[in-house]
Amino acid sequence: MSFGFFRNLTKPRPAPVVEREHCVAGRTLPLKIVESDRARRLTLRIDSGGRGLRITVPPGLRRGEVEKFLDRHQDWLEQRLAKVPNRPQVRPGIKIPVRGVPHRIVHEPSKRGTVTLSRDERGPLMIVHGDRVHLPRRIADFLKREAKREIEALVVKHTGAVGKRAKAIRFKDTSSRWGSCTSEGNLSFSWRIMMAPRPVINYLVAHEVAHLKEMNHGPKFWKLCEQLCPDTERCKDWLKRNGGVLQAITFE
């Protein structure tokens, strides 16, 4: 006896994913090949900051077709990647923005592993203590703590204004989006947004909180977003123009 009805209630199988590397424009980038039941053709995407490539393919497509597709789009990839900024790695001497203000990284190994903001006659400083090998991670952890503190306060402010509550607030290092809101009311934010100016941080939170009430990008959504953040258009444009630079910074 067949119980097809019950089989239909099972969760759909996850899309098969193949991970490899692909060389283009003098770079070796991680490449994900994702099979999707909804795909009718091959699509190619470059992750924000040029951190990787993703190809979505229809089910059952032969591997050779993927290789031909990559070959046909090699020139397109080279042109697009040439516009992506280099991926600077955080290290002593370079500057990293905190809330839009560039801070020069100074390594002081003599003290315990903490990060403090200061300034000298040359301008703002980010002083990182502890072993040099842990410096990138310590800076990333610092930005995560700052994001949690500032963004959670902004969520409280904006949810109070719209009369909705967030079920949960999460922080991630996403390459495809700066924030998200689920239908269950879960908000997610990229902690990298703490490198953007304060008004842009506020805009991102207002944008995702507005989705608690309007789960779309229609006129009502944008009207609500501008009520929460009058600088919506300016901040949205800033993130579009500068977001790739922030995504390109490596903390490894």
Side-chain angles (χ1 to χ4, degrees), residues 30 32 34 43 45-54 56 84-85 87 90 96-101 137 139-252:
K32 284 187 178 181
V34 183
T43 58
R45 189 184 75 194
I46 301 174
D47 291 338
S48 296
R51 293 196 286 174
L53 308 174
R54 178 187 178 100
T56 304
V84 175
R87 300 189 63 197
V90 293
I96 184 172
V98 180
R99 296 179 179 87
V101 179
R137 177 176 58 81
I139 295 176
D141 289 344
F142 169 80
L143 292 173
K144 293 173 188 177
R145 290 193 299 271
E146 292 295 295
K148 178 177 174 62
R149 181 168 62 87
E150 182 150 338
I151 288 177
E152 286 184 351
L154 287 170
V155 168
V156 171
K157 172 187 173 183
H158 291 311
T159 52
V162 301
K164 294 285 186 178
R165 292 184 60 185
K167 184 177 180 181
I169 305 173
R170 301 187 176 98
F171 299 93
K172 303 177 180 180
D173 187 13
T174 52
S175 59
S176 59
R177 58 176 63 184
W178 286 100
S180 65
C181 173
T182 69
S183 57
E184 293 81 17
N186 297 319
L187 302 179
S188 295
F189 300 94
S190 169
W191 50 262
R192 289 174 179 263
I193 196 65
M194 292 310 299
M195 293 186 284
R198 281 187 186 274
V200 178
I201 299 170
N202 179 58
Y203 157 70
L204 176 65
V205 178
H207 183 114
E208 300 309 333
V209 168
H211 278 311
L212 293 172
K213 198 167 186 178
E214 299 289 341
M215 285 295 293
N216 53 67
H217 284 103
K220 289 183 178 180
F221 165 81
W222 288 114
K223 182 178 179 180
L224 177 58
C225 197
E226 292 197 2
Q227 289 174 353
L228 297 174
C229 174
D231 286 337
T232 284
E233 286 301 321
R234 185 169 63 89
C235 294
K236 183 171 65 171
D237 181 64
W238 189 98
L239 202 54
K240 182 177 180 180
R241 288 185 289 106
N242 300 283
V245 176
L246 304 185
Q247 293 283 8
I249 298 173
T250 60
F251 296 84
E252 300 171 356

Does one side chain, of H207 or H217, offer a donor that lies under 3.5 Å from an acceptor on the other? yes
For R198 and E150: C-alpha separation, side-chain torsions, deciding distance, then whether side chain to side chain contact (heavy atoms under 4.5 Å, CB included) applies. CA-CA 10 Å; R198 281 187 186 274; E150 182 150 338; 3.1 Å; yes
Determine which pairs satisfy salt bridge (charged side-chain N to carboxylate O under 4.0 Å, His left out) with at least one residue from residues 151-160, sequence neighbours left out, and list them in order. K148-E152
Output yes when D141 and R137 qualify as a salt bridge under the 4.0 Å nitrogen-oxygen rule, no when they do not. yes
May I ask you to say whether K223 pairs ionically with E214, meaning some side-chain N is under 4.0 Å from a carboxylate O? no
Please name all residues satisfying ring-ring contact (aromatic ring centres under 6.0 Å, His included) with F189, sequence neighbours left out, ordered by chain then number. none
At their closest point, which heavy atom of P199 faces which heavy atom of C235, and how far apart are they? O-SG, 3.4 Å
Short side-chain to backbone donor-acceptor contact, R192 and I249, under 3.5 Å: yes
I would like to know whether L187 and L212 meet side chain to side chain contact (heavy atoms under 4.5 Å, CB included); could you show each step before the answer? CA-CA 9 Å; L187 302 179; L212 293 172; 4.1 Å; yes
Please determine whether side chain to side chain contact (heavy atoms under 4.5 Å, CB included) holds for the pair K144 and W191, giving the CA-CA distance in whole Å, both sets of side-chain angles, and the decisive distance to 0.1 Å. CA-CA 5 Å; K144 293 173 188 177; W191 50 262; 3.4 Å; yes
Between the main-chain N or O of T174 and the side-chain N or O of Q247, is there a donor-acceptor pair closer than 3.5 Å? yes
Does K32 have more than 12 heavy atoms from other residues, nucleotides or ligands lying within 6.0 Å of its NZ? no
